[in-house]
Enquirer: 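After the structure tokens below, expect a handful of questions from me.
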Amino acid sequence: MEHSEVIVVGGGVVGTTMACALGTAGITVTLVEAHAPVAAAAQRDPRMFAITRASERIFRSLQAWDAMTAQEHCAFTDMEVWDSTANGCLHFDCAELAEPCLGYIFEPCVLTAALGQRLRQLPSVQVLQPAHCQSLQVEQECARVTLQDGRVLQASLLVAADGAGSPLRNMLGIPVQTEDYHQTSLVALVQTARAHRHTAWQRFLPGGPLAFLPLADGWCAIVWTLPAAEASRVQALDAAAFQDELAAAFEWRLGAIVDCGPRAAWPLRCQHAEHYVTERAALIGDAAHVIHPLAGQGVNLGLLDAAALAEVICAARARGRDPGTLRNLRRFERWRRGDNLLMMSAMTGINRLFSNANPALGRLRSSSLDLVNRAAPLRNLLMRHAMGLEGDLPALARPVVPDNASA
Ligand SMILES: Cc1cc2nc3c(=O)[nH]c(=O)nc-3n(C[C@H](O)[C@H](O)[C@H](O)COP(=O)(O)OP(=O)(O)OC[C@H]3O[C@@H](n4cnc5c(N)ncnc54)[C@H](O)[C@@H]3O)c2cc1C
């Protein structure tokens, strides 16, 4: 039997950040991840993550940011949003917010590799990888996890960061509310004839949004959301036909698509756990909530969960209290569940409002986009929310150094 104060199951971006936050505070933690670390792949991941300024602050606080930004990444300074069936258009510019950029585009393995590197410097952290959590047992004083190889781990708190399908959430008997969007996101890396100008682009079409995210080498990462059947058809197109349809769907804003990497497809659903905590266990990241990717908020919400839970654990410990009690964990749930629900509802609402061809809704969209675009204070407030700079932020996500120190 191996003991630590906290066991984190799931070594994606969210679980690794959780382990890093606890290890930085000197808490003994065991991180269990089923897959071996991803070596720098010959081929880049076609799915890139948009990372908010709040997440940047968390990574800076955990001293992982410099290792991340030493690898390929792209800061975006502008955002352009428009609708295919109405005239409205929205433009966001970081200069108006007196910020050096609006956010960053990273390949997921760059984030996990930098966090993994930081974990190795933290003496109170043990990483078991590859190691598969097979079963768990929750008792009044502790949680016990059995790995596939027979090892047994024990801690006063178990954190499930094991993703949307979360086996741990099922083992804990926590129900989830699920809504199928009947949409699929196609992702790919594409080269466009015209420069992306460090802008994140999003066009809303009746079938779903189409985003072009800027990359450091001048290429773009696309997230093309379509009705499920239409996505299967588009995914099966040959390269030339796919590139033509993509350029047309994007109104040739960046000219023709001159090259395209492999495509991958992600069926979309919205999912929310009915509660985030039980005695001795807490859910964070996609294990707790799965959100529509249209605003690139999924990982970012999970990182705020990790930072908030770490803060609640540290505060209990500082007062000599047991951090794994349901009473203590409810502080975390009260803090994060409402914020996550608000963001999830906003994304579902925007998807419903924009992903249809109803002319009355088209007029509403057009006037709303124009109204927001003309009202600078409202536009800037919306953008600051999307950047994660507003709201009840955990200490790790509050500014500790000037934001423009090493962007
Ligand atoms: C098309 C698309 C685009 C997106 N774009 C963005 C974006 O731009 N920005 C953004 O913020 N979000 C984005 N998201 C959302 C983002 O992908 C998720 O929110 C994020 O991956 C969740 O991270 P996580 O660490 O919670 O879970 P995961 O990344 O799913 O990690 C879970 C980990 O748990 C491990 N695991 C599972 N079971 C076990 C077990 N029994 N034992 C041990 N380990 C286990 C798995 O191996 C895995 O590594 C996008 C999503 C989609 C579909």
Side-chain angles (χ1 to χ4, degrees), residues 7-19 30-38 45-52 54-56 58 74 76 103-109 111-112 115-116 127-136 145-149 151 153 158-171 181 183-188 200 202 208-211 213 221-226 231 263-271 273 283-306 340 343-344 347 386-388:
I7 300 167
V8 178
V9 176
V13 178
V14 174
T16 317
T17 300
M18 182 78 224
T30 303
L31 175 66
V32 182
E33 167 53 43
H35 293 112
V38 181
D45 195 330
R47 190 176 60 144
M48 297 279 164
F49 284 163
I51 290 298
T52 62
S55 298
E56 171 195 348
I58 293 173
C74 185
F76 57 96
Y104 305 86
I105 309 298
F106 275 98
E107 189 173 354
C109 70
L111 303 177
T112 42
L115 289 160
V127 180
L128 304 179
Q129 181 178 20
H132 195 274
C133 167
Q134 196 162 45
S135 65
L136 71 88
V145 158
T146 304
L147 305 183
Q148 211 163 34
D149 62 10
R151 273 181 293 179
L153 314 175
L158 171 68
V159 178
D162 52 346
S166 181
L168 262 75
R169 186 186 61 224
N170 297 336
M171 291 179 213
Y181 284 120
Q183 289 173 317
T184 295
S185 285
L186 297 182
V187 297
Q202 179 132 277
L210 167 59
L213 307 173
I222 61 141
V223 185
W224 191 0
T225 301
L226 293 154
R263 300 162 225 166
W266 298 80
L268 301 184
R269 65 181 190 275
C270 173
Q271 187 174 286
L283 310 180
I284 58 171
D286 273 24
H289 43 78
V290 178
I291 182 171
H292 198 289
L294 71 88
Q297 289 288 338
V299 167
N300 296 293
L301 293 182
L303 292 170
L304 289 173
D305 293 347
N340 289 335
M343 186 63 88
M344 293 172 84
M347 292 311 119
M387 292 159 78

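All ligand and atom numbering here is 1-based and tracks the order in the structure. What you see is a predicted model, and the numbers here were worked out from it, not measured in a lab.
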Enquirer: Would you mind checking which non-hydrogen protein atom is closest to atom 4 (C) of ligand 1, with the distance to 0.1 Å?
Expert: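 Answer for atom 4 (C) of ligand 1: Pro293 CB, 3.8 Å.
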
Enquirer: Side chains of Ile105 and Met48, heavy atoms from C-beta outward: is any pair under 4.5 Å?
Expert: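 Yes, side chains in contact.
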
Enquirer: Does ligand 1 have an atom under 4.0 Å from some heavy atom of Gln134?
Expert: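 Contact absent.
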
Enquirer: Where is the nearest protein heavy atom to atom 29 (O) of ligand 1: which residue, which atom, and how far?
Expert: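 Looking at atom 29 (O) of ligand 1, the protein heavy atom closest to it is Gly12 CA, 4.3 Å.
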
Enquirer: Please lay out, stage by stage, how Leu268 and His292 fare under the test side-chain contact (heavy atoms from CB on, under 4.5 Å).
Expert: CA-CA 7 Å; Leu268 301 184; His292 198 289; 3.6 Å; yes

Enquirer: Quick one: look at Ala287 and ligand 1, take heavy-atom pairs under 4.0 Å, and tell me if it's side chain, backbone, both or neither.
Expert: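 None of Ala287 does.
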
Enquirer: Is ligand 1 less than 4.0 angstrom away from at least one heavy atom of Ala131?
Expert: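 Judged by the 4.0 Å heavy-atom criterion, Ala131 does count as contacting ligand 1.
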
Enquirer: Within a distance under 4.0 Å of any heavy atom of Ser185, pick out the atoms of ligand 1 and give their elements.
Expert: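 By the 4.0 Å cutoff, the relevant atoms are 1 (C).
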
Enquirer: Heavy atoms, side chains only, cut-off 4.5 Å: are Asp305 and Asn340 in contact?
Expert: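 Touching, per the 4.5 Å side-chain cut-off.
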
Enquirer: Which one of Leu213, Thr225, Asp286 has a non-hydrogen atom at the shortest distance from atom 18 (C) of ligand 1?
Expert: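 The residue whose heavy atom sits nearest atom 18 (C) of ligand 1 is Asp286.
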
Enquirer: Should the proximity of Val9 to ligand 1, defined as any heavy atom under 4.0 Å, be assigned to the side chain, the backbone, both, or neither?
Expert: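 Side chain only.
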
Enquirer: Can you name the ring-ring contact (aromatic ring centres under 6.0 Å, His included) partners of His289, sequence neighbours left out?
Expert: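 Partners of His289 by the ring-ring contact (aromatic ring centres under 6.0 Å, His included) criterion come out as none, since no residue qualifies.
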
Enquirer: Quick test: of every protein heavy atom, which one is nearest to atom 8 (O) of ligand 1, and how far off is it to 0.1 Å?
Expert: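 The closest heavy atom on the protein side is Ala50 N, 2.7 Å.
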
Enquirer: Taking atom CG of Leu147 and atom NE2 of His132, what is their separation to the nearest 0.5 Å?
Expert: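 Going from the CG atom of Leu147 to the NE2 atom of His132 covers 10.0 Å.
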
Enquirer: If you take the nearest heavy atom of each of Pro267, Gly163, Pro46, which one is closest to atom 28 (P) of ligand 1?
Expert: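 That would be Gly163.
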
Enquirer: Under 4.0 Å from a heavy atom of Val32: which atoms of ligand 1 are those, numbered in the order shown and with their elements?
Expert: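 Heavy-atom distances to Val32 below 4.0 Å select 43 (C), 44 (N).
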
Enquirer: Out of Leu128, Asp162, Thr112, who is nearest to atom 36 (N) of ligand 1 when you count heavy atoms only?
Expert: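 The nearest heavy atom belongs to Asp162.
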
Enquirer: Which of the numbered atoms in ligand 1 are under 4.0 angstrom from any heavy atom belonging to Ala161?
Expert: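 Atoms satisfying the 4.0 Å criterion: 32 (C), 33 (C), 34 (O).
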
Enquirer: What is the distance from atom CG of Leu158 to atom CG of Leu153, rounded to the nearest 0.5 Å?
Expert: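 These two atoms lie 9.5 Å from each other.
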
Enquirer: Pick one of side chain, backbone, both or neither for how Val13 approaches ligand 1, counting any non-hydrogen atom pair under 4.0 Å.
Expert: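 Val13 to ligand 1: backbone contact only, side chain stays beyond 4.0 Å.
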
Enquirer: Return the closest protein heavy atom for atom 15 (C) of ligand 1 as residue, atom name and distance.
Expert: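 The answer is Gly298 CA, 3.9 Å.
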
Enquirer: Applying a heavy-atom cut-off of 4.0 Å, say which part of Arg47 lies close to ligand 1: side chain, backbone, both or neither.
Expert: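 Side chain only.
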
Enquirer: Quick check on contacts: which atoms of ligand 1 are under 4.0 angstrom from a heavy atom of His35?
Expert: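 The list of qualifying atoms is 47 (O).
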
Enquirer: What residue and atom, counting heavy atoms only, is the protein's closest point to atom 41 (N) of ligand 1, and at what distance?
Expert: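 Going atom by atom, the protein heavy atom closest to atom 41 (N) of ligand 1 ends up being Cys133 O, 3.1 Å.
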
Enquirer: Apply side chain to side chain donor-acceptor pair (under 3.5 Å) to Ser55 and list each qualifying residue two or more places apart in sequence or on a separate chain.
Expert: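 Expected list: Thr52, Asn300.
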
Enquirer: What protein heavy atom sits nearest atom 44 (N) of ligand 1, and how far away is it?
Expert: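 The closest one turns out to be Ala34 N, 3.1 Å.
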
Enquirer: Nearest to atom 11 (O) of ligand 1, what protein heavy atom do you find, and at what distance?
Expert: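 Going by distance alone, atom 11 (O) of ligand 1 is nearest to Val299 N, 2.8 Å.
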
Enquirer: Is there a donor-acceptor pair closer than 3.5 Å between any side-chain N or O of Gln202 and the backbone N or O of Pro209?
Expert: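 Looks like no, no N/O pair under 3.5 Å.
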
Enquirer: Looking at Asn300, which atoms of ligand 1 are within less than 4.0 Å of one of its heavy atoms?
Expert: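 Once the distances to Asn300 are compared, the set is 10 (C), 11 (O).
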
Enquirer: Please determine whether any non-hydrogen atom of Gly302 lies less than 4.0 Å from an atom of ligand 1.
Expert: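 Not so, Gly302 does not reach ligand 1.
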
Enquirer: So, for Pro293 and Ser185, which heavy atoms are closest and what is the spacing to 0.1 Å?
Expert: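 Here Pro293 and Ser185 meet closest at CG-OG, 3.8 Å.
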
Enquirer: Just distances here: any N/O of Val14 and N/O of ligand 1 closer than 3.5 Å?
Expert: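 Yes, at least one N or O pair falls under 3.5 Å.
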
Enquirer: List every atom of ligand 1 that sits less than 4.0 Å from any heavy atom of Gly10, numbering the atoms from 1 in the order shown and giving each element.
Expert: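 Those of ligand 1 that fall under 4.0 Å from Gly10 are 33 (C), 34 (O), 35 (C).
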
Enquirer: Using modelled atom types and a 3.5 Å cut-off, is there a donor and acceptor pairing between side-chain atoms of Thr112 and backbone atoms of Gly12?
Expert: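 No, Thr112 side chain to Gly12 backbone: no donor-acceptor pair under 3.5 Å.
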
Enquirer: Counting only heavy atoms, tell me which of His132, Arg269, Glu33 gets closest to atom 47 (O) of ligand 1.
Expert: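 Residue with the shortest heavy-atom distance to the ligand atom: Glu33.
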
Enquirer: Can any side-chain N or O of Arg169 pair as donor or acceptor with the backbone N or O of Ala164 at less than 3.5 Å?
Expert: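 Side chain of Arg169 to backbone of Ala164, a donor-acceptor pair under 3.5 Å: yes, one is there.
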
Enquirer: CE of Met171 to CD of Gln134: how many Å apart, nearest 0.5 Å?
Expert: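 Atom-to-atom, Met171:CE and Gln134:CD are 8.0 Å apart.
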
Enquirer: For ligand 1, which part of Phe49 has a heavy atom less than 4.0 Å away: the side chain, the backbone, both, or neither?
Expert: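 It is both parts that get close, each with some atom under 4.0 Å.
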
Enquirer: Can you tell me how far apart CG (Leu213) and CZ (Phe76) are? Round to the nearest 0.5 Å.
Expert: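 One gets 7.5 Å once the value is rounded to the nearest 0.5 Å.
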
Enquirer: Which ligand 1 atoms does Gly285 reach within 4.0 Å, using its non-hydrogen atoms?
Expert: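 So the atoms of ligand 1 that pass are 26 (O).
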
Enquirer: Once rounded to the nearest 0.5 Å, what's the spacing between atom CG of Leu128 and atom CG of Leu31?
Expert: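 Here the rounded value is 8.0 Å.
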
Enquirer: Roughly how far, to the nearest 0.5 Å, is the CG atom of Leu301 from the CE atom of Met344?
Expert: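 It is 8.5 Å, given to the nearest 0.5 Å.
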
Enquirer: Can a donor-acceptor pair be found, under 3.5 Å and without considering hydrogens, that links the side chain of Gln297 to the backbone of Ile291?
Expert: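 Answer holds: no.
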
